[in-house]
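First the structure, in the form of structure tokens, and then the observations on it.
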Amino acid sequence: TLLPTLPPTEISVPQIPSSAKIEGIRGFPQTLNLSCESRSAVDWAAYFGVSIQELEFLASLPSSDDPNKGFVGNPNGPGGLIPPNPYGVHAAPVAALLRAYGLPAEDVVGLTPDQIKAEIAAGQPVIVWIIFGASPGYAVNYTTSTGEVVKVAPNEHTAIIIGYDERGVTLLDGAVVYWRSWDAFLQSFSVLDNMAIIYDSP
């Protein structure tokens with residue numbers, strides 16, 4: 001006997017709303033010239049219920065001339081420079097330290113607009129590596145003391161995406177909130193390969 005054919009199983013794709021906004025996240029001014037990554041990290045952590053002091057977080061980051069491994073240079077040095085001058089730190093060391101504080105932080109590159117929207121719609125703010133002010137910028141290759149070639153960018157900066165709509169994103173940058181069109185934001189975000197930290201919910 002022939003078995004009845006079952007209709008194909010539909011795979012449900014969660015619908016991403018056309019806009020979403022995260023309430024209840026607060027930002028504060030960064031304390032030092034180049035402490036934006038630590039400021040973003042502790043504001044992000046506070047939203048998830050973990051209280052950390054900005055300068056304590058900064059002091060707990062490893063130091064390196066490779067921003068993928070640690071903080072480069074004096075955190076109160078002048079802005080706009082690239083390693084080995086005062087610079088800052090990329091996503092991997094920040095995410096590792098957030099995990100040490102008990103947060104499921106995941107550093108990613110290549111984060112897409114749809115992935116950003118899914119995070120925000122789920123109530124999970126995203127730390128992004130951009131050019132200061134979400135302005136256009138450019139990357140250069142820098143060779144570390146161990147001979148590794150790392151992509152770095154003058155005026156590297158971090159902010160937290162806390163909302164989006166069809167036309168753009170809302171960023172929490174220290175104590176300041178501003179909106180940028182998707183085009184302008186992605187131009188800035190792409191300089192360091194769409195590098196970000198997301199909340200890796202199980």
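The model shown is predicted, which means the values in this text are computed figures rather than measured ones. Heads up: numbering here begins at 1 and tracks the sequence.
A donor-acceptor distance shorter than 3.5 angstrom exists from the side chain of Ser190 to the backbone of Leu186, with no hydrogens or angles considered. Counting only distance, with no hydrogens or angles, the side chain of Gln53 and the backbone of Leu55 share no donor-acceptor pair below 3.5 Å. A donor-acceptor contact shorter than 3.5 Å is absent between the side chain of Asp107 and the backbone of Met195. Side chain of Asp66 to backbone of Thr144: no donor-acceptor contact under 3.5 angstrom is found. Remark: side-chain polar atoms of Glu156 are not paired, donor with acceptor, to backbone N or O of Ala153 under 3.5 angstrom. Using a distance-only test at 3.5 Å, with no hydrogens or angles considered, no donor-acceptor pair links the side chain of Ser35 to the main chain of Ser38. At distances below 3.5 Å, not a single donor-acceptor pair connects side-chain atoms of Glu106 with backbone N or O atoms of Asp200. Checking side-chain atoms of Arg180 against main-chain N and O of Ser135 turns up no donor-acceptor pair under 3.5 Å.
Distance check: Gln30 CD to Cys36 SG gives 5.5 Å after rounding to the nearest 0.5 Å. Rounding to the nearest 0.5 Å gives a distance of 9.0 Å between NZ of Lys117 and CG of Asp165. Atom CD1 of Ile116 sits about 5.0 Å away from atom CH2 of Trp182, to the nearest 0.5 Å. One distance of note links CG of Asp65 with CD of Glu148; it measures 9.5 Å at 0.5 Å rounding. Taken from CD1 in Ile130 to OG1 in Thr158, the straight-line distance is 7.5 Å, to the nearest 0.5 Å. Atom CD of Glu54 is separated from atom OG1 of Thr31 by 3.0 Å, given to the nearest 0.5 angstrom.
Following chains of ILVMFWY side-chain contacts shorter than 4.5 Å, one can reach Ile161 starting from Val108, so the two form part of one hydrophobic cluster. Val177 and Phe189 fall within a single hydrophobic cluster, where Ile, Leu, Val, Met, Phe, Trp and Tyr side chains are chained together by heavy-atom contacts under 4.5 Å. The hydrophobic clustering, which links ILVMFWY residues whose side-chain heavy atoms are closer than 4.5 Å, places Leu81 and Leu192 apart. Neither Phe28 nor Ile127 shares a network with the other; the hydrophobic side chains, linked directly or stepwise wherever heavy atoms of I, L, V, M, F, W or Y lie under 4.5 Å apart, form separate groups for each. Under the 4.5 Å side-chain heavy-atom criterion for grouping Ile, Leu, Val, Met, Phe, Trp and Tyr, Tyr138 is connected to Tyr87 within one hydrophobic cluster.
Minimum interatomic distance between Tyr47 and Glu23 (heavy atoms only, all atoms of both residues): CE1-O, 3.6 Å. Between Asp43 and Gly27, the closest heavy-atom pair is OD2-CA, 3.3 Å. Residues Gly79 and Leu34 come closest through the heavy atom pair CA-CD2, 3.8 Å. Residues Pro67 and Gly88 come closest through the heavy atom pair CB-O, 4.2 Å. Considering all non-hydrogen atoms of both residues, Tyr164 and Pro17 come closest at OH-O, 2.7 Å. Residue Leu98 comes nearest to Ala105 through the heavy atom pair CB-CB, 3.7 Å, listed as atom of the first residue, atom of the second, then distance.
Between Phe48 and Trp44, the angle of the ring planes goes over 60°, which puts this pair in the perpendicular group of the 30/60° scheme.
Other residues, nucleotides and ligands contribute more than 12 heavy atoms inside 6.0 Å of the OH atom of Tyr101. Within a 6.0 Å sphere centred on CZ of Arg167, heavy atoms belonging to other residues, nucleotides or ligands number 12 at most. Atom CD of Glu56 sits in a crowded spot, with more than 12 heavy atoms from other residues, nucleotides or ligands closer than 6.0 Å.
Checking each of Ile22, Ile25, Thr170 against Ile160 for a side chain to side chain contact (heavy atoms under 4.5 Å, CB included) leaves exactly one that passes, namely Ile25. Between Trp129 and the choices Asp193, Ile197, Val109, Val191, the side chain to side chain contact (heavy atoms under 4.5 Å, CB included) rule is met once, by Ile197. The side chain to side chain contact (heavy atoms under 4.5 Å, CB included) test with Glu119 is passed by exactly one of Ile198, Asp114, Leu111: Ile198.
Looking only at side-chain heavy atoms (C-beta outward), His157 and Asp173 come within less than 4.5 Å of each other.
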